[in-house]
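Report on the structure given below.
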Amino acid sequence: MVRVLMCGRAYQTYTQEELALRYLNEKPLDLPNFSPNFNLCPTQLCPIVVDDQEGNKQLKLFRWGLIPHWSKDKKSAFKMINARSETVTEKPSFRNAVRHRRCIVPLSGFYEWKRDGDVKRPFAISLKDQAVMSVAGIWETWISPPVEESSKEELQGEKIFSFSILTTEANSAMQSIHDRMPVILNPETEERWLDPKLTDPLLLKDFFKPCPSDWLQAYEIAPLINNPRNNTQELLKPLSTGET
């Protein structure tokens, strides 16, 4: 049975050219080994948008699942794929990152499971009018500690750039599927979200609201998505023509 995490799976069907047009004013990209991912899972690499501290956006490949810089090993990544926006400015694992290391996670959409008795039915959720969804995220740099302080699995000096997706309460479009959803940014607020000068926790809370319900479309898909090894366009095939 699939382990349901909010938001624990997503998909990316865009091209590098579409990312460049969307975020970098058509500046060419060179993301190594970049290809569509129909079943993006925690600990996998994902493009994110960051500010270079000079007001310029950059696209990087970071690992999904935040590892705090003080962590002794990288196992915490599985527990920190999401950060609740209601408490992100207070939690020790997130509060410094949300003030100083914010990012945008470009998705084509995300998956969520609706509980129906003992059955969990998967749905694909995307924006109605835009091919790329800008999700609010935070990031960290982790360097493995000396061998005597880390697990035997760690490589001394290993450096990992990782991120978490911020979540908020569900809007009316999502409530019938799940009570949580990612924080989806309005295109007009993306620049401000990335602004390194914005560090006031009270002002940051202005972003932590569910997007309008009429932005989203959702439809049920087959349980093929439950297996992380499945990664083809067939995962996005509607199970029925009805939308939820």
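- Evaluation of the side-chain hydrogen bond (donor to acceptor under 3.5 Å, both in side chains) test over residues 131-140, restricted to residues two or more places apart or in two chains, returns Arg22-Ser134, Tyr23-Ser134, Arg101-Glu140, Ser134-Glu190.
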Test log, rule side-chain contact (heavy atoms from CB on, under 4.5 Å), inputs Asp51 and Asp195: CA-CA 7 Å; Asp51 189 290; Asp195 185 355; over 6 Å; no
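- Counting heavy atoms from C-beta outward, Val50 and Leu194 have side chains that stay 4.5 Å or more apart.
- Across all their heavy atoms, Phe208 and Val98 have their closest contact at CZ-CG2, 4.3 Å.
- Between Ala170 and Gln175, the shortest heavy-atom distance links the atoms O-NE2, 3.4 Å.
- For Glu86, the salt bridge (Lys or Arg N to Asp or Glu O under 4.0 Å) test picks out Arg180, with sequence neighbours left out.
- The line from NZ of Lys60 to CG of Asp52 is 8.5 Å long, rounded to the nearest 0.5 Å.
- Phe38 pairs by the ring-ring contact (aromatic ring centres under 6.0 Å, His included) definition with nothing, not counting sequence neighbours.
- Applying the salt bridge (Lys or Arg N to Asp or Glu O under 4.0 Å) criterion to Arg84, with sequence neighbours excluded, gives no partner residue.
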Yes or no on side-chain contact (heavy atoms from CB on, under 4.5 Å) for Phe123 and Lys114, after CA distance, side-chain angles and deciding distance? CA-CA 7 Å; Phe123 286 75; Lys114 177 179 180 178; 3.7 Å; yes
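- Of the inter-residue distances, the one linking Phe163 atom CZ with Ile48 atom CD1 reads 6.5 Å to the nearest 0.5 angstrom.
- Ala10 is linked by a side-chain contact (heavy atoms from CB on, under 4.5 Å) to Leu40, Leu107, Phe110, counting only residues two or more places apart in sequence or in another chain.
- For the pair Pro187 and Gln130, the minimum side-chain heavy-atom distance is below 4.5 Å.
- Annotation: the span from Ser85 atom OG to Ile138 atom CD1 amounts to 10.5 Å, rounded to 0.5 Å.
- For the atom pair CE (Met181) and CE (Met174), the distance works out to 6.0 Å, reported to the nearest 0.5 Å.
- In terms of the salt bridge (Lys or Arg N to Asp or Glu O under 4.0 Å) criterion, residue partners of Glu191 (sequence neighbours excluded) are, by chain and number, Lys57.
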Under the criterion side-chain contact (heavy atoms from CB on, under 4.5 Å), I'd like the reasoning laid out for Met133 against Ser108: C-alpha separation, chi angles, the key distance, then a yes or no. CA-CA 6 Å; Met133 173 188 294; Ser108 298; over 6 Å; no
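- Between Ser164 and Phe94, the closest side-chain pair of non-hydrogen atoms falls below 4.5 Å.
- Taking OH of Tyr111 as the start and OH of Tyr11 as the end, the distance is 6.5 Å to the nearest 0.5 Å.
- Residues Ala124 and Ile221 approach most closely at CB-CG2, 4.0 Å, considering heavy atoms.
- Taking Lys209 as the reference, nothing meets the side-chain contact (heavy atoms from CB on, under 4.5 Å) condition, with sequence neighbours excluded.
- A 4.5 Å side-chain heavy-atom check between Trp70 and Ser93 finds at least one atom pair inside the cut-off.
- Here the side chains of Arg192 and Leu203 are in contact, with some heavy-atom distance below 4.5 Å.
- Between Gln217 and Ile125, every side-chain heavy-atom pair lies at or beyond the 4.5 Å cut-off.
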Using the rule given for side-chain contact (heavy atoms from CB on, under 4.5 Å), can you reason through Ile165 versus Trp64, listing the C-alpha separation, both sets of side-chain angles and the distance that settles it, and then say yes or no? CA-CA 8 Å; Ile165 286 175; Trp64 187 9; 3.8 Å; yes
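- Evaluation of the salt bridge (Lys or Arg N to Asp or Glu O under 4.0 Å) rule for Asp116 yields Arg121 as partners, not counting sequence neighbours.
- Judged as a side-chain contact (heavy atoms from CB on, under 4.5 Å), and not counting sequence neighbours, the contacts of Pro92 are Arg95.
- Under the side-chain contact (heavy atoms from CB on, under 4.5 Å) criterion, Ala136 pairs with Leu166, Val183, Leu185, Trp193, not counting sequence neighbours.
- Applying the ring-ring contact (aromatic ring centres under 6.0 Å, His included) test to Trp215 and every residue at least two apart in sequence or in another chain returns nothing.
- Rounding to the nearest 0.5 Å places CD1 of Ile67 at 11.5 Å from CD1 of Ile143.
- Heavy-atom minimum distance, Asn226 versus Arg9: O-NH2, 3.4 Å.
- Applying the side chain to side chain donor-acceptor pair (under 3.5 Å) rule to Thr141 yields no partners; only residues at least two apart in sequence or on another chain are considered.
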